[in-house]
Amino acid sequence: MAEQRSEGAPVGALRRRLVLEAAVTAPDGLGGTTQTYDTVAALWAQVEFLSGREHWRRGRPEQAVTHRVTMRWRANVDAGQRLRDGERVFDIRAVADPDGGRRRLVCLVQEITP
């Protein structure tokens with residue numbers, strides 16, 4: 001039987017090092033704004049593939065790939081932020097504390113493809 005952590009995740013399940021990023025909006029000097037992302041934290045997480053689909057947009061096929069990301073609980077993780085795994089970028093769509101115990105945080109994310 002696998003050893004369990006106090007958060008309920010098996011030892012070694014949180015083995016992907018991700019970077020949490022938050023959007024920063026700044027004036028562009030022409031009356032508009034530009035959006036960049038600043039690093040908030042580096043964290044260990046488990047990334048699980050959920051689904052993938054292809055649809056047509058503006059006459060071109062696009063892929064939508066969703067994942068579930070589980071990490072230790074932390075405050076101030078919200079939809080609209082993103083997670084980065086090297087060159088891969090995941091847009092956070094929803095955040096939940098599954099049992100309300102502030103042990104784990106589960107994010108539903110969509111992978112952004114350039």
Side-chain angles (χ1 to χ4, degrees):
M1 184 168 166
E3 183 180 339
Q4 297 288 314
R5 289 182 186 253
S6 62
E7 309 81 80
V11 171
L14 307 179
R15 64 176 170 260
R16 298 277 289 275
R17 190 70 165 166
L18 303 180
V19 175
L20 176 65
E21 298 177 332
V24 176
T25 304
D28 66 4
L30 301 173
T33 59
T34 59
Q35 182 172 302
T36 59
Y37 285 85
D38 280 352
T39 298
V40 173
L43 48 91
W44 292 100
Q46 178 181 17
V47 179
E48 301 169 88
F49 173 81
L50 292 179
S51 69
R53 65 181 174 90
E54 183 177 85
H55 61 276
W56 287 85
R57 182 175 173 171
R58 297 183 184 158
R60 295 182 348 175
E62 283 191 354
Q63 295 180 355
V65 180
T66 59
H67 295 77
R68 175 180 28 243
V69 177
T70 304
M71 64 185 81
R72 288 184 183 91
W73 188 89
R74 63 178 298 123
N76 303 322
V77 176
D78 298 311
Q81 292 177 321
R82 66 186 197 180
L83 294 163
R84 179 177 294 276
D85 182 10
E87 294 298 315
R88 296 175 73 188
V89 178
F90 303 97
D91 187 30
I92 300 174
R93 303 296 182 148
V95 180
D97 178 0
D99 62 3
R102 292 187 169 193
R103 294 182 307 218
R104 291 181 298 139
L105 199 62
V106 176
C107 300
L108 298 179
V109 302
Q110 182 170 357
E111 187 167 0
I112 300 169
T113 53

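No experiment lies behind these values; they were computed from the predicted model shown.
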**Student check: side-chain heavy atoms of Asn76 and Arg74 closer than 4.5 Å** = no
**Request:** Among residues two or more places apart or on two chains, list those pairs meeting side-chain hydrogen bond (donor to acceptor under 3.5 Å, both in side chains) that have a residue in residues 26-35.
**Result:** Gln35-Tyr37
**Prompt:** Where the side chain of Asp97 meets the backbone of Arg102, is there a donor-acceptor pair that is under 3.5 Å apart?
**Reply:** yes
**Request:** Answer yes if Val95 and Trp73 sit in the same cluster of Ile, Leu, Val, Met, Phe, Trp and Tyr residues linked by side chain heavy atoms under 4.5 Å apart, and no otherwise.
**Result:** yes
**Asked** Heavy-atom distance under 4.5 Å between the side chains of Arg88 and His67, does that happen here?
**Response** yes
**Fill in**
Applying side-chain contact (heavy atoms from CB on, under 4.5 Å) to Ala79 and not counting sequence neighbours gives none
**Criterion side-chain contact (heavy atoms from CB on, under 4.5 Å) on Arg17 and Trp44, from CA distance to verdict** = CA-CA 5 Å; Arg17 190 70 165 166; Trp44 292 100; 2.8 Å; yes
**Request:** Give, for atom CD1 of Ile112 and atom CZ of Arg84, the distance between the pair rounded to the nearest 0.5 Å.
**Result:** 8.5 Å
**Asked** With a 4.5 Å limit on heavy-atom distance, are the side chains of Val77 and Ile92 in contact?
**Response** yes
**Asked** Would you say the side chain of Val65 lies within less than 4.5 Å of the side chain of Gln110, judging by non-hydrogen atoms?
**Response** no
**Asked** Considering only heavy atoms from C-beta outward, does the side chain of Gln81 approach that of Leu20 to under 4.5 Å?
**Response** yes
**Asked** Closest heavy-atom contact between Leu14 and Arg72?
**Response** CD1-CG, 4.0 Å
**Fill in**
So CD of Gln63 and CD of Glu111: to nearest 0.5 Å the spacing works out to 9.5 Å
**Prompt:** Under 4.5 Å between any side-chain heavy atoms of Cys107 and Arg68, yes or no?
**Reply:** no
**Minimum-distance pair of heavy atoms, taken over all atoms of Arg16 and Val47** = NH1-CB, 3.8 Å
**Asked** Should Val69 and Leu83 count as side-chain neighbours, where that means a heavy-atom distance under 4.5 Å?
**Response** yes
**Item:** More than 12 heavy atoms from other groups under 6.0 Å of CZ on Arg93
**Value:** yes
**Request:** Specify the closest pair of heavy atoms between Pro98 and Ala96, including all atoms of both residues, with the distance to one decimal.
**Result:** CD-O, 3.4 Å
**Message:** Side chains of Leu50 and Leu108, heavy atoms from C-beta outward: is any pair under 4.5 Å?
**Reply:** yes
**Message:** Once rounded to the nearest 0.5 Å, what's the spacing between atom CG of Leu18 and atom CG of Leu43?
**Reply:** 6.0 Å
